Enquirer: 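Pasting in a structure now, in structure tokens, and then I'll have a few things to ask.
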Amino acid sequence: MRLDRFLSETTDLTRSFAKKALHKGQVEVDGVIVKKGDMQIDKQAVRYQGKLLTLSSPRYIMLHKPASYISATQDEDYPCVLRLLPEELQRELQCVGRLDVDTTGLLLLTDDGQWSHRIRSPKKACSKVYRVDLDEPLAENVAERFTAGLMLHGEEKATLPATLEVITPTRVLLTIQEGKYHQVKRMFAAVGNKVVSLHRLQIGHITLDDTLAPGQWRHLTEEEIASV
Ligand code: URA
């Protein structure tokens, strides 16, 4: 990575202040003052005002998403989930997939694009478990229809086999292996029912920590990160 970018990623300096710091001779690479930002930095020791700088390691976070927050980075009507995290953690973090504004539960955030891709890629078929509350009692053949795959409006391919576990006639656990737009709500709409509340409990082997209240978060453990 270029030296000016390295400076802006490892300090509070913006790209233009990083340039000024370079001009002022405040940056050393392997003990030598460097004034130009285009030098490529790999393993050299970079110091700013004498302080050694290191790139922070990737961040992996689980958040218990509350309702009324959006999982995109910007929106005019609702606050973004990133606001629930301390400011120093927010930089470059992306949500791993989306939850609707009214959906609650497990949301993963990371700045590791490859890790995120492994969860989101349709080819990897990473399972997601949702607790679904329904408007009407579940009809008899819905589990079979979900296992067989449904054609959703506007889609070219049927949904991948999904599993239903009935808790009460109006509360089920649904496991799906993909993440089409509004998928769970559209699947129940396709069988004549309506989702009244949706809560994600699990992604792959990562389960929402039940000690986290809505709006709370924690870093993932090494095992959780490696499970993807
Ligand atoms: N399916 C939906 O319909 N909404 C979500 O937020 C997640 C899955």
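Order of appearance sets the numbers: ligands from 1, and atoms from 1 within every ligand. Below, each value reflects all heavy atoms present in this structure, side chains not excepted, and no hydrogens, waters or symmetry copies. Please read all numbers here as calculations on a predicted model, not as lab measurements.
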Enquirer: Would you say L107 and L201 are hydrophobically clustered, going by side-chain heavy atoms of ILVMFWY under 4.5 Å?
Expert: no
Enquirer: Could you tell me whether F6 and Y48 have their ring centroids closer than 6.0 angstrom?
Expert: no
Enquirer: Do you see a donor-acceptor pair shorter than 3.5 Å between the side chains of T211 and D209?
Expert: yes
Enquirer: Contact residues of ligand 1 with a heavy-atom cut-off of under 4.0 Å?
Expert: L99, D100, T103, Y130, H182, Q183, V184, K185, L198
Enquirer: Among R171, H199, K194, which residue meets the side chain to side chain donor-acceptor pair (under 3.5 Å) test with D133?
Expert: R171
Enquirer: Minimum heavy-atom separation for C126 and I203, please, with both atom names.
Expert: SG-CG2, 3.9 Å
Enquirer: So do the side chains of P214 and Y69 get within less than 4.5 Å of each other, counting heavy atoms only?
Expert: no
